[in-house]
Amino acid sequence: MSNTKVKQRRAALKVSKISKTLNVSSVLFPANQSITKSSSTLLSRRSFCSTEDAKLLDKSSVQTPKHTLRDEKGQDVTPQPLYQGDPAVSQPKQGKLFPTHDTSWGTTTDFLSVAFQTNASFGGPFSRSFFGSISASRTSQSTAESVNNETEDVSKHDLSNSSSDVQGCKEEVMEQVGEVLMDTVVDCYLTETETMWLLDIPAVSVSSDSENAEAVKERNKAYIELCKNRQGNDKYVERSMQTFNDAEKTKEVQSETVTMVDKAVMSTLWDMYDSFCSGSGEVEEDIAIPLEQHKAVVPDVSSVSLQTHPKDSSNIVSMISIGSDLSSIELEVSVPLGKEEPDPELILQSDKFKHDLAVMERVVLENIFQPKLAAYRQLPVLEDPDYVWTKMEVEEESWTEQPLGPFLEHQWAFSCDLTMGRNVSSMAWNKRNLDLLAVGYGQFDFKDQNSGLVCCWSLKNPTWPQRIFHCDSGVTALDFSSNNASQLAVGMYDGSISIYNVQSTEEGAIIDRSDSANTHMGPVWQLRWIDHEKGRSSEDKEETLISVSADGRISKWFLHKGMKRTDLMKLRRTKDRSETSTKANTPKNRCEVLISRLASGPCFDFHPKDSNVYLAGTEEGEIHKCSYSYSEQFLDTYQAHKGSVYKITWSPFNPDVFLSCSSDWSIQLWKQDLCTPVLSLTSGQKALYDVVWSPHCATVFGAVSDSRVEIWDLKVSILDPIIVSMSSPGVNPSTLLFTPETDCVLVGDSEGQVSVYKLKNFTAGDSTQADALEDIIQFTLASHL
Amino acid sequence: MAEVEETLKRIQSQKGVQGIIIVNAEGIPIKSTLDNSSTVQYAGHIQQLLMKARSFVRDIDPQNDLTFLRIRSKKNEIMIAPDNDYFLIVIQNPSD
């Protein structure tokens with residue numbers, strides 16, 4: 001190696017140069033002795049390398065060194081710069097040199113790091129020379145002296161390096177090294193790096209006794225032969241290839257930013273159903289459109305839909321439902337985009353809204369009235385679990401004594417502002433909807449006549465009627481038709497009859513007034529819809545409206561292009577049979593020429609089983625039994641009352657028994673065949689306006705008089721009513737109605753209130769009802785004799 | 001229109017009714033008897049709840065639809081009548 005030759009013995013050479021402090025390197029050096037040592041050695045090596053690679057390194061630029069080096073003899077031995085730093089060229093050099101080195105570069109790595117740390121620009125020729133020197137001087141043995149000399153050379157060489165700063169720094173380094181370490185003995189340590197295994201296949205030994213031993217031996221033999229045959233065998237060819245490493249080239253591509261959009265679809269069962277129902281053929285197109293949109297905004301989606309299907313609102317709806325699922329839930333709210341946003345006014349006026357309001361009202365009221373309604377319907381009353389009982393209420397509860405006997409418990413009252421002050425004249429349940437109650441308001445007396453009112457109340461709303469019909473004159477009679485459950489016939493004080501349809505909310509009647517020529521002359525006291533067999537066959541059942549009025553005529557009305565009527569019967573006054581006639585009667589009977597030959601008829605009732613027969617009560621106190629088909633004469637006359645008969649009613653359980661109440665303070669129980677009443681019941685000294693059989697119990701009926709409501713039970717007592725309920729002073733109950741399904745009683749009074757009472761502690765027997773009544777009658781009759 | 005006003009007044013005057021709110025389809029209250037902040041709160045929350053409830057009802061049977069929703073709480077009861085264009089909310093405390 002030329003290194004050894006290069007080793008020159010030089011006397012101490014003076015280094016005349018400016019020393020510059022090198023902070024960086026000086027810091028490093030004391031820190032690591034080995035590094036410094038190595039660096040010094042390497043530096044020396046570098047000098048060798050420099051000479052070796054002279055040919056390579058020799059390039060044009062020659063830099064005038066700032067410092068000159070002269071030997072003892074004063075000769076200028078300043079080493080010339082070998083090469084101007086050119087990183088581009090240096091790199092391949094580096095690459096070439098480096099791989100030739102072997103491992104065990106313990107010191108090398110340290111050195112490298114130091115070199116690069118001290119100065120990056122040391123790179124070029126410096127590093128190259130380093131590498132070169134490493135290879136060169138690996139085997140050389142450096143003595144102290146040579147080191148010294150070499151370092152001197154090195155320092156000189158350093159001086160002549162390319163960049164001035166670098167030079168300066170390097171000079172510093174070299175200077176330091178040169179001055180400090182020239183006399184020191186440097187120990188070099190060469191260590192071996194750890195072994196790096198690249199492939200390790202451990203040999204597997206097999207015992208010669210094992211099963212596979214033979215096979216293994218065979219294989220081994222075969223392998224050995226193979227190895228022998230390998231040399232010169234045509235089967236094995238060695239070949240090497242060199243691949244070209246093309247120059248790398250960088251290429252850049254720029255693309256538009258990829259927009260990311262969040263998209264979500266909520267697929268629910270009902271959504272699919274909606275889409276399916278809205279339009280089977282066009283649904284696919286609709287779905288395709290939003291998918292192409294790639295936008296989760298409802299307006300865009302539906303605007304597209306508008307373009308494609310401008311007229312089809314249902315499609316828009318389906319689109320919206322699809323679109324709304326694409327968007328977030330908040331956007332789903334802004335659904336109706338195809339049409340205008342519904343005006344708040346429009347909403348408020350829409351029918352649906354009214355309906356909802358009505359439902360809501362009922363719900364609210366149900367909350368309030370729940371216990372009462374439950375009691376009415378004979379359901380267990382739910383107690384509000386959150387209701388806090390105040391102390392006072394608890395005390396009240398303990399104080400109120402429950403009456404021992406049966407009594408009427410007030411539940412609620414149907415009343416509102418409209419009905420305040422009006423007299424309840426009649427009430428009727430709807431035949432089909434048993435929660436619907438029609439109440440007619442009108443005065444009975446001649447005086448105090450004002451316009452009448454018909455209200456249809458529902459049990460679900462006791463504070464406001466469902467329907468309100470205003471009438472010209474006071475309403476005196478009402479009845480619901482059973483064929484057409486929504487038809488309500490109303491009879492009025494001025495004798496006219498109107499028919500209303502309660503289904504519609506309109507105020508007008510279907511048929512407003514009966515033909516003026518045919519109207520009753522006096523107030524219509526009672527109206528009934530009767531199912532009457534027309535002709536022989538029982539299939540032809542037609543319903544006719546029968547009315548009785550103060551002009552003494554019982555009329556049948558046909559509803560055919562207006563109302564036409566025929567008279568069923570004229571209630572003629574019969575001659576007074578008894579000798580002892582009261583003074584009130586005689587004047588009328590004396591002279592044949594009367595104002596009217598007809599007696600006013602406040603009531604009538606058709607036989608429940610036989611619609612041919614009916615009873616009619618008169619103001620004279622007579623009850624006539626008449627036949628439907630025969631209008632000339634009465635079948636029979638029952639005479640017992642001394643005052644006008646206000647109400648007659650057949651018993652729903654016993655077909656032969658009927659009750660009548662009159663202004664002579666009495667209730668008479670009649671049997672059809674007997675001309676005299678079976679029982680005469682009185683209590684109190686007031687005229688009785690209404691008597692009604694209970695639909696549940698054969699022996700029970702209710703009566704209404706001037707200031708009290710009486711409930712009679714003939715089983716218990718035939719002398720006194722079992723319940724007597726006094727009404728508040730000034731308020732007179734005027735009508736009574738039993739509820740068809742439950743054990744409640746409705747009482748209408750002169751203040752316009754319809755109160756609902758529940759019969760409490762009522763022991764009503766379930767035994768054969770008709771028989772019970774029959775027994776009583778028989779018993780009574782027997783006692784008469 | 002007058003009928004609607006009357007009915008609203010009647011409901012408002014019933015025992016225990018604390019407030020009535022009518023909200024349009026967008027969730028904006030169009031009529032309310034409560035103060036503004038409560039109204040907005042109710043409207044916002046109930047809308048989400050309604051959507052959930054309707055989705056639930058229809059999921060189980062697509063031919064079904066939600067007609068009424070009642071929420072009973074300790075202090076009061078909230079009754080909601082929903083529709084496509086609006087929903088009607090009534091808050092009542094029946095034990096008052």
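Note on naming: letters A, B, ... go to the chains in the order of the sequence lines (proteins, then strands), and numbering restarts at 1 for each one. Below, all heavy atoms of this structure are taken into account, side chains as well, without hydrogens, waters or symmetry copies.
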S.K.: So for B/T67, is it side chain, backbone, both, or neither that comes closer than 4.5 Å to the heavy atoms of chain A?
M.R.: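 Contact with chain A: none, neither part.
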S.K.: Quick check for you: to the nearest 0.5 Å, what is the distance between B/L88 atom CG and A/L357 atom CG?
M.R.: 5.5 Å
S.K.: So which heavy atom on A/W270 is nearest to which on B/P62, and how close?
M.R.: CA-CB, 4.1 Å
S.K.: Measure distances from B/I80 to the heavy atoms of chain A and classify the residue's part below 4.5 Å as side chain, backbone, both or neither.
M.R.: backbone
S.K.: B/L8, B/D65, B/V17, B/V4: which one forms the most heavy-atom pairs within less than 4.5 Å of chain A?
M.R.: B/V4
S.K.: Any side-chain heavy atom of B/Q92 sitting closer than 4.5 Å to one from A/V363?
M.R.: no
S.K.: Around atom CZ of B/F56, are there more than 12 heavy atoms from other residues, nucleotides or ligands closer than 6.0 Å?
M.R.: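 Counting neighbours around CZ of B/F56, 12 or fewer heavy atoms of other residues, nucleotides or ligands fall under 6.0 Å, so no.
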S.K.: Name all pairs fulfilling the salt bridge (charged side-chain N to carboxylate O under 4.0 Å, His left out) condition that reach into residues 55-64 of chain B, sequence neighbours left out, sorted by first residue then second.
M.R.: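 Qualifying pairs, neighbours excluded: A/D274-B/R58.
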S.K.: Is it the case that A/T463 and B/Q14 place a side-chain donor and acceptor less than 3.5 Å from each other?
M.R.: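 There is such a pair between these side chains.
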S.K.: What pairs of residues pass the salt bridge (charged side-chain N to carboxylate O under 4.0 Å, His left out) test when at least one of them lies in residues 30-44 of chain B, not counting sequence neighbours?
M.R.: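 Pairs touching residues 30-44 of chain B that pass the test: B/E5-B/K31.
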S.K.: Other residues, nucleotides and ligands only: do more than 12 of their heavy atoms fall within 6.0 Å of NE2 on A/H410?
M.R.: yes
S.K.: Quick check on the structure: residues of residues 455-462 of chain A within a heavy-atom distance below 4.5 Å of chain B, by number.
M.R.: none
S.K.: Contact part of B/I22 toward chain A, heavy-atom cut-off under 4.5 Å: side chain, backbone, both or neither?
M.R.: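 Side chain only.
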S.K.: Heavy-atom distance under 4.5 Å to chain A: side chain of B/E6, backbone, both or neither?
M.R.: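 It is the side chain, since no backbone atom gets that close.
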S.K.: Apply salt bridge (charged side-chain N to carboxylate O under 4.0 Å, His left out) to A/K352 and list each qualifying residue two or more places apart in sequence or on a separate chain.
M.R.: A/D356, B/D83
S.K.: Rounded to the nearest 0.5 Å, what separation is found between the CD atom of A/E361 and the CZ atom of B/R10?
M.R.: 4.0 Å
S.K.: Working to the nearest 0.5 angstrom, can you tell me the gap between B/T7 OG1 and A/W464 CH2?
M.R.: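 One gets 8.5 Å once the value is rounded to the nearest 0.5 Å.
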